[in-house]
Each structure stands twice: as structure tokens, then as C-alpha cells.
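Quick note: numbers below take in every heavy atom, side chains included, and nothing from hydrogens, waters or symmetry partners. Chain A is the first sequence line, chain B the second, and so forth, proteins listed ahead of strands; every chain is numbered from 1.
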Amino acid sequence: MNPTYEPKEVEAHWYEYWEKAGIFRPEYRPDGQPFCVVIPPPNVTGSLHMGHALNLTIHDVIVRRKRMQGYAALWVPGSDHAGIATQNVVERELAAEGLTRHDVGREAFIEQVWMWQRRHGGRITEQIRRMGNSCDWTRERFTLDEGLSVAVREVFVRLYEEGLLYRGDRIINWCPRCATALAEIEVEYRDEMGALTYISYPFTEGEGGITVATTRPETMLGDTAVAVHPDDERYAHMVGKTLRLPLVGRIIPIVADEAVDPEFGTGAVKVTPAHDPNDFDIAQRHGLEAIKILDEDAVVTAEGGRFAGLDRFAARTAVSEALHAEGVVVKVEEHPHSVGHCYRCDTIVEPFLSLQWFVSVLELARPAINAVKNGDNSFVPSRWEKNYFHWMENLRDWCVSRQIWWGHRIPAWYCPDGHITVAKVDPDSCATCGSEEISQEEDVLDTWFSSALWPFSTLGWPDETPDLAKFYPNDILITGFDIIFFWVARMMKMGLHFMDAVPFRETIIHGLVRDAAGSKMSKSSGNTIDPVDVADEYGADPLRLALIQAANPGQDVPLDLEWVAGTRRFGNKLWNAVRFVLMQIEPRSVPPSGGYPANPGPADAWILSRLGEVAARFDELADQYRFSDAYGTLYNFAWSEVFDWYLEIAKVSLADPDLAATTRKTLGVVTRDLLKLFHPAIPYLTEELWAEVVGQDLLAGADWPDIPSFVGPAGMGELQELISGIRRFRADQGLSPRQEMPLRVLDPDSLLVGWAHEVLSNLARVDVEPVDAEPAHGHTRVVAGTLQGFIPLEGVIDLDAEVARLEKAIGEAEADLRRVEAKLNNPQFLEKAPGAVVTKERAKQAEIGDLLDTLRNQRGAL
RNA sequence: GGGCGUUUAGCUCAGUUGGGAGAGCGCUUCCCUUACAAGGAAGAGGUCGGGGGAUCGAAACCCUCAACGCCCACCA
């Protein structure tokens, strides 16, 4: 073995062994209970970022542990066609050649996207493998593959037949750059400073008018009314009157509507039904006309009269200037307001009246809300359930049609008479009138429509496959809080509707990966760290361990390369600990499981008992998905107990003929079980070491540790405390750690037996002489419970240092005593505190009192 | 405007039935002891955001204030 841990070498080969051995397939454990999770499908043309790395590491830690625990564990991998995002990429390529997708034509364009996908699509899955993730690649799926397309079509048709999916004119959010409709959730709102323009609309009859306020003066071209609140006394007498729309000349009514907030602006609002959702609603209630004054490129239409042809922003300026010229602008004031941007390209979206396909989500949402309320699904951490409820209870219908080409084409056909035929199989004629002149809907479905089916479509639905029967519902779903609404909520709705069961039992929410300063990682701020680069430089295992050690449910994960360097140092420590063990035992001799010593020596029993406790605690924490705590516990145990103490003690035990055999056995099983416990987090390194220690089978397919209970011997803690105390004395005295010293040991409770004296003399570098009584003057004392060590002061040069050492100890003991006595002198405490607490305080008082006497005597003797 | 979260050592964070403040990194000192200097040993460092309250006892429970962060909302 190399003297140092080289992640790159270690990580070069194991993945293919695991895959070839079929360990990542649930069939590996034919009799195991099923356990299933589906990957949040990444964009097929994307590349791995740190958020993926965190999400995947959590997945893998869970799945690998479940597999080792004997479950038939299945992690379904796959990717998403990411309609708008992918289409944008290919369109940019075309644009470089001066072409648009319309120049190329639909079929050729789609073929070009497929080509792009075949060229780049393998990249992210390659990166997922590189990070060691144990997905079952034989079950890999793609949202646009044949099976999933069948599922999408089935769902579309059934929802349509059930009346839960319809085509209609609604205000949708339109991205003029992507040239498609968006769902509400696909719009990102940001506060921006705008101008609130107050415009006076004159009455058609008589003097005066009514003043309205708007941040978008250009939309006045499409106004068809002004609305006031019905209870607003200022305007009560005006309701029913008419106004002449400036610049346009259209006669528009004043209507009364509850939706108007009398407090805002002037309390009178201009109504532009075709370009504002509220206005659209008002118009519906009052039978107002909706006039589209912007087209799909956000350019003013012919309805805009002399402003026709102007871009929406140019139109804003032009209309504003014209209004000023006409003298109808009362005032303009600065006004912060929130502006919607396209989540794919950041262009300002345009609310737009448009004929689109919608899913009626409220009916689907009800069971999805109930499922969480009654515990069929729970969120971890549970506080996210509140957000989920609030979201689900306030849904607007989901616009699912997109005016792009890359995606599932909507299975609806129109005949010249306007009949709609929706069918699972492409029809030859109109289902209503039989006309053969039918044409298919041009639009495709929202990418999230297919993602919503992922937990069952990937398992073969609508066919009743064995996988579907075995692995639906999935057990868990792991994702960031940022896509709860995009994805989790929709999977819940679709899963319950079509499978009549929740798609997964638990929804595990993790945080965002942030940089070392706690800032969000983003391309624009240039603080992103590429996980593949990190894996190349530090290793995938160290990165995984660094991520998982910070990943408690719902918590953001700050990442500093310095911490990855730290986990790599841990890897090196583990590597060398194993190297040491292999110098003591026969390589490849430890059994894959069992093999615990029947009669362990005292130190063996101690470390085995601790191993059992730590493994139990680890399991408890891991079952709650508290991986930061779980691996923190394990990490500290491995380093500070096994490596720093047990291995050092073992060096002594190995020299003892009575203890050597059991020590070797213990070294072997403790090492092996540590490898098992660490394996889900650092699979490559542990597998490599397993090959040296166990040498048969693969760790990835091994059983989870089942550690029998051991009882640690009395005196272990005192022994360690005594050793530390002697080391502290030496450091305080400025003595060399190498300098041998005599040590008289008083051990009235016989805590230390022969082996322990050897340990003491080796680890503390002292010549041990057991004594039956406290030696005469001229010693300093190190106390560890009832165990006392006496170091002759002869030869200790620095008397002042020893005085200082003692006085510090006396000071600390006095402070402790004061605190304890303050409690015990409080009658209220004695009366009201539980008996056990009082007893504990009394014992403490006695113990500190003894210590203090000892220290004071010693101080006096100097 | 609503809702949620955070505030503990220089940094990042634990502290889950209220009973002697912890870890990792960083820092200081000593040590290249044949597994490991990517190491070992020892140590310094905190009025647990402020204020108030119930309690014998609060980092933890209640109230309040403050700062920071996130989500939602039809801010014309």
C-alpha cells in the first residue's frame, strides 16, 4: 500500500466492479424489502453543479446504507428533457449561423436537438458515476423516451376526459424572448423602481374627469374601463358615467368592483383586460371587451393606433410623452414594484390574454393536501409542510402548453369546424364531425408535466409492471426546497390521482450549497465551485464527506475547499490506520461479518463497547436523516478514540503474549466495521481498504454491522485521564515529552491491572511503581478519580511553573465548589429539585472537596 | 402585507425530554516516537443577539425588541 492516500488512484476503478457485480440493482437482494427512490432528473444537456453533488450524496448515503441493511434498494436514474432550457441552447447554436428554428422547420429542428442531446447528454450521467453514486443504470429513463411519452399521453387524455384539463382563454405569463407561455411559478418576481404615472381621463359629458395611476402607461391603449370600489364615496356618483380614453378616444365606462383597493393611488384603476390578470377578472364580471395591444413579440399591435410597431418599452416612453403633450398627466412619482422575469432567460414577462391548455389543479390538490395532513407523506423537516399547504390551497390553474417544439406534443387535434379531438392514438378524423382535415396542436407540454409523473412513469406505468407493483409508492424523495412547488407538489397530485397512493412516504428537504462566506453560489457572482474539478483535485470521497458532514435536514451547506482538504486528511488518517493494522494482522484475513473476540482484553472490550454505542447512535441519527450529526459522531469516534487511543494502547497489548491474539482480532473487526459505517459516505476509499482487510466480496454489497454488546472495563476513563494529566504536567513544566519520569501510582480501587501499567508507562512515558500509601513530601500529584499518580519533584526544575499549575487547578476547583455549594445552600433547591439531582450535587461537592484538600496540601508542601 | 428561519469560540456549526458550554477548521507551545508531519501531545479563546418573565435552576420555555436571510401576495 502507498504510504499516503491518493484519491485519484483509489477512485479510478471500483465503480465498474460494483456495476458488474450487479450491486446497484435491487435484484442483488432478491429477498430484501423493497426500498426505492427516484433521482430528481437533471437537465439532460446540463452539467453537474454543487447543488447536484449535495443532493446526490444524500441519496447515495441513504441508498448504500439501505442496501447494506439488506433492502432490495433501487435508485432510479434518469434525466429531463428540460424543454425551454434545452431548446434555448440549440436555438443559440442556430443563431450563431444566423438562423432561427423557423428557418429550419419543426422536424429538422427537433432532430437537431436530439443530435445535441446525443452529443452532450451523456456528460451529466458520466459525472454522476464519477461521484460514486449507486444508481441502477439498467433502469435509466429519460422524460422523452418512448415509455414516458406513453405515460404523458395517457395522463393528458385521462385528465381531459375527466374534465380536469381544458383549453381556454386566460391571462398567462408570456416570455417574449422564449416566445412561449409560462406557468405562474415559472415567473420570478423582483422589486424594481418604477414610475407611477397619474393620468386624468376626462368625462365624455361635463367637466372634469377621473385620475388613475399606473406603472405601465402604454397599457392604457387597451383600457376598456375604469374601476372604483363600490363603497368608495368619492366616486359613488361617477359609477355608470363614461370617459373618453386619451390618445385613443375610446368611450369607456366607470364600473364598481370589489377588487379595487380604495387606499391605493387615487382609488380608481384603469382596466386593461387583455394584459392584467386582475383586470381580466374585472372585465369578466362586467362584460368588458379585452383588447390586445401587444403581440407575441411584445410589440404594439394595430389596436395601438399610431403607436403600432413600437416595442413595449419604446411604447411606454412614447405613450408617456404623448400623454404629457396632451396635458392629462397629473403627476409622476417614483414607485417600487415587483416585476416578473422569465425563470429561463430573465426577460421581463408580459401578462397576456392567450388561448392555452390548463390543468384544473384545485381538485387534484385536495387529496395531496390530505395526504400530508394525515401523515401518508411527511416532510423532513416538518416545517416545510406549512409552506406546502399554503401553496396548495391557493393554486391557480396550471398552464401546461408551451409554444416551443422540444417536448411532448399535445395530443389534441382540431378540425376546420373547431372541434377538438384528444386521443391516446393519433386519430385519422375528427371525433365529433368525422372531418379528415384535422391538424395536431402545435404546442408541447410543460416539462414539469412529465416530471410530475416520474415516480411511477419510470417504473413502467401505465403498464402494470412488476417494478411498479414492487416500488410504488417510492419510499422517499430528496430535493431542495426550491423545487417543492415545481415538482414535489405536482408529483403528489398526479401520484394520488393516477396511482391512488402517495408517490413517496417522506419528502426530505435539504438546503443550498453556499460558499465559505455563506453566499449563494451563482454563475453571476462567480463563486461557483465545480464538483468535478474538486473531485479531480481532492477526490470524490473527500468532497462527499465534506458535504454530508454539513447536511442536516433543511440546512444550507457552506462549502470551503479547506474543508474538503480536511476530509481528505481524514481519508489519509484512515488509510494509514489501516496500514498499521495490516502490519499487525494477516492481510485479507478479517471475515466480512462477525468474528468478534470471545474473550476480549480490557482495552478491546472498551473499544468494542464504544463501537457498539457509536454504531447505534449513528443508526439513530441516520434514520432521522441527520447525516451531519451521524458522520460527525463517527468521525470523532474514529479519530480521537480508535486512532488516537486504541491503536496506541494496542501497540502495548500486542507485546503482551496474553493479549496479542485478542488484540489482533479486535483490530481487525473494529477496522472492518469502521469501513462499513463509513462506506455510504466514502465508498471508494472504504472499498479499497476493504480489499486489503477482508479481501473477499465487495464492501458495497456487504452487510451492515451487527455489533454484539460488550461491557467496557472499569478504570479505562481514569487511565486516560491520568495519562493526559501527566502529559499536561510535562507540558506545563516545559519538560520534553520524551523525558522519562518515575511515577508512583496509588490505586485503592485496583482499577489498573498489569497491562494498564504497561499502557501507562508507554503512553505517558513514565516508570510506574505501584504504592500502597501516599508517598512522603516531594511529589506532585495527578488525580484521576480514585486513581492518583505521584511524580517526584526532584529534578523538576521549574518550581514557579509548578506553583502556577497548582494554583490554577486550585482556582478552578474552588470555582466549581462555590457553584455547587451555592446550589446546596439554597433551601428552595433542596426542596424542589428532584432527589437524583440533589444527590448528584452532593457527590460532586464531596469529590471537589477532596480534590481541593489534596491540591492545597500539595501547594503547602512546595 | 402575511409566513418561515437564523443569531452559541476568529470562521462554519452541534447542543431534542431545562440540571456542570461542545466539534471541525484557524490560532499558541512542544514533539520529525518505525501507520500517518495530510501527523502526535498540550493549550488559549464564549456575559450562548438585547431586554423582560415563569422556574430552585435557562443557550434551551414564554413575551418583547433588534439584525440578517428565505418564501408567498392581484404594490393598478
Side-chain angles (χ1 to χ4, degrees), chain A residues 1 3-5 189 191 194 196 212-216 219 227 259-261 264-272 276-282 335-338 351 381 383-384 386-387 390-391 394 396 481-482 484-485 512 514 516-518 520 549-550 552 554-560 562-563 565-584 624 626 628-629 632-633 635-636 639-640 643-644 647-648 651 723-724 727-732 734-738 762-763 765 816 819-820 823 826-834 836-838 840-841 844:
Chain A
M1 283 175 76
T4 53
Y5 162 47
Y189 290 92
D191 280 345
L196 193 60
V212 296
T214 180
T215 51
R216 302 196 52 196
T219 61
V260 179
D261 175 7
F264 190 92
T266 61
V269 55
K270 59 191 272 312
V271 179
T272 319
D276 183 282
N278 301 313
D279 294 4
F280 181 78
D281 291 344
I282 293 174
H335 180 70
H337 64 140
S338 138
R383 66 183 136 88
W384 287 104
K386 239 181 200 176
N387 293 48
H390 183 261
W391 173 261
N394 294 283
R396 288 187 164 214
F481 55 78
D482 48 333
I484 291 176
F485 304 140
L512 257 40
R514 297 176 173 275
K520 203 166 165 174
Q549 282 224 54
N552 271 344
Q555 295 275 356
D556 284 348
V557 174
L559 185 72
D560 189 326
E562 195 47 49
W563 304 335
T567 49
R568 187 182 53 180
R569 280 194 291 275
F570 174 80
N572 189 57
K573 186 74 182 174
L574 180 63
W575 179 272
N576 275 287
V578 169
R579 220 157 59 90
F580 166 74
V581 169
L582 288 169
M583 290 171 182
Q584 315 306 328
Q624 298 170 55
R626 292 172 53 182
S628 173
D629 299 332
T633 301
Y635 183 100
N636 288 331
W639 203 316
S640 53
F643 303 154
D644 287 345
L647 293 190
E648 293 306 315
K651 287 174 185 173
I723 291 168
S724 293
R727 288 167 170 170
R728 194 176 315 123
F729 168 79
R730 222 190 302 254
D732 291 344
L735 300 177
S736 163
R738 313 204 54 183
N762 276 273
L763 301 200
R765 287 190 175 268
D816 285 349
R819 199 166 39 235
V820 173
K823 276 191 184 180
N826 181 349
Q828 305 263 43
F829 173 73
L830 297 176
E831 192 186 327
K832 297 193 176 170
V837 174
V838 176
K840 199 174 153 194
E841 291 298 316
K844 220 186 288 178

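Residue A/Lys844 places its NZ atom among more than 12 non-hydrogen atoms of other residues, nucleotides or ligands, all under 6.0 Å distant.
One cannot find a donor-acceptor pair under 3.5 Å joining the base of B/C4 and the side-chain atoms of A/Lys386. One N or O donor and one acceptor, one from the side chain of A/Glu648 and one from the base of B/A35, sit under 3.5 Å apart.
Nucleotides B/A76 and B/C68, compared at atom C1', are 32 Å apart to the nearest Å. With C1' as the reference atom, B/A14 and B/C56 are 29 Å apart, rounded to whole Å. B/U17 and B/C31 have their C1' atoms separated by 46 Å, with the value rounded to a whole Å. Atom name C1', nucleotides B/C25 and B/C70: the rounded distance is 27 Å, in whole Å. The C1' atoms of B/A67 and B/G20 are separated by 32 Å, rounded to the nearest whole Å. As rounded to the nearest Å, B/C65 and B/G3 have P atoms that lie 13 Å from one another. Rounded to whole Å, the separation between the P atoms of B/G49 and B/G10 comes to 13 Å. To the nearest whole angstrom, the two P atoms, one in B/A59 and one in B/C48, are 7 Å apart.
The side chain of A/Phe481 approaches B/C70 more closely than any other nucleotide in the set B/C75, B/C70, B/A35. When distances run from any side-chain atom of A/Pro834 to the nucleotides B/G40, B/C75, B/G19, the shortest one goes to B/G19. Of the candidate nucleotides B/C56, B/A76, B/C36, B/C36 has the atom nearest to the side chain of A/Arg579. Considering only the side chain of A/Trp563, B/U12 comes nearest among B/A38, B/G19, B/U12. Taking every side-chain heavy atom of A/Thr215 into account, B/A76 is the closest of B/A73, B/A35, B/A76. With distances taken from any side-chain atom of A/Asn572 to the nucleotides B/G3, B/C13, B/A38, the minimum falls on B/A38. Each of B/U33, B/A14, B/C74 was ranked by its minimum atom distance to the side chain of A/Arg396; first place goes to B/C74. Here the nucleotide nearest the side chain of A/Arg383, chosen from B/A14, B/A76, B/C4, is B/C4. The side chain of A/Thr214 sits closest to B/A76 out of B/A76, B/U12, B/G19. The side chain of A/Phe485 sits closest to B/C71 out of B/A35, B/A42, B/C71.
Taking atom CG of residue A/Asn552 and atom P of nucleotide B/G5, one finds them 16 Å apart after rounding to whole Å. Atom pair A/Asp556:CG and B/C71:P shows a separation of 11 Å (rounding to whole Å applied). Counting to the nearest Å, the P atom of B/A38 and the CG atom of A/Asp644 are 17 Å from each other. In this entry the distance linking CZ of A/Arg727 with C1' of B/G43 reads 14 Å, nearest Å. Atom-to-atom, CG of A/Asp276 to P of B/A73 comes out at 15 Å; the value is rounded to the nearest Å. Between the CD atom of A/Glu831 and the P atom of B/G19 there is a distance of 21 Å, rounded to whole Å. A/Gln584 has its CD atom 11 Å from the C1' atom of B/U34, to the nearest Å. To the nearest angstrom, C1' of B/G2 lies 7 Å from NE2 of A/His390.
Here A/Lys520 lies out of heavy-atom contact (under 4.0 Å) with every strand. Residue A/Ala565 is classed as having no contact, given no heavy-atom separation below 4.0 Å to the nucleic acid. Residue A/Lys844 is in base contact, counting any heavy-atom pair closer than 4.0 Å across all strands shown. Within 4.0 Å (heavy atoms only), A/Tyr189 reaches no atom of the nucleic acid at all. Within the 4.0 angstrom heavy-atom criterion, only backbone atoms of the sugar-phosphate kind lie near A/Ser724; the bases stay farther away. At a threshold of 4.0 angstrom between heavy atoms, the contacts of A/Asp732 with the nucleic acid are absent. As judged by a 4.0 angstrom heavy-atom cut-off over every strand, A/Arg819 is placed among residues touching the sugar-phosphate backbone only. Heavy atoms of A/Tyr5 sit under 4.0 angstrom from at least one base atom. Here A/Pro827 lies out of heavy-atom contact (under 4.0 Å) with every strand. Residue contacts for A/Val260: at a heavy-atom cut-off of 4.0 Å it reaches a base atom on one of the strands shown. Within the 4.0 angstrom heavy-atom criterion, base atoms lie near A/Arg568. Within 4.0 Å (heavy atoms only), A/Pro277 reaches no atom of the nucleic acid at all.
Interatomic distance, OG1 of A/Thr567 versus CG of A/Leu574, reported as 12.0 Å (0.5 Å rounding). Expressed to the nearest 0.5 Å, how far OG1 of A/Thr219 lies from CZ of A/Arg216 amounts to 6.0 Å. Atom CD of A/Gln624 and atom CG of A/Asn552 lie 9.5 Å apart (nearest 0.5 Å).
The cationic atom of A/Lys651 (NZ for Lys, CZ for Arg) lies less than 6.0 Å from the six-membered ring centre of A/Phe580 and within 45° of the ring axis.
Contact check, A/Arg728 against B/G43: a side-chain N or O comes under 4.0 Å of OP1 or OP2. Between A/Trp639 and the phosphate of B/G40, there is a side-chain N or O to OP1/OP2 separation shorter than 4.0 Å. Close to B/A14, at under 4.0 Å from its OP1 or OP2, lies a side-chain N or O of A/Gln555. One finds a side-chain N or O of A/Arg569 lying less than 4.0 angstrom from the OP1 or OP2 phosphate oxygen of B/G39.
In summary, the aromatic rings of A/Phe264 and A/His337 are positioned with their centroids too far apart to meet the 6.0 Å limit.
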* To do: Report the C-alpha separation of A/Val212 and A/Val269 in whole Å, then their side-chain angles, then the decisive distance to 0.1 Å, and conclude whether the side-chain contact (heavy atoms from CB on, under 4.5 Å) test is met.
  => CA-CA 5 Å; A/Val212 296; A/Val269 55; 5.8 Å; no

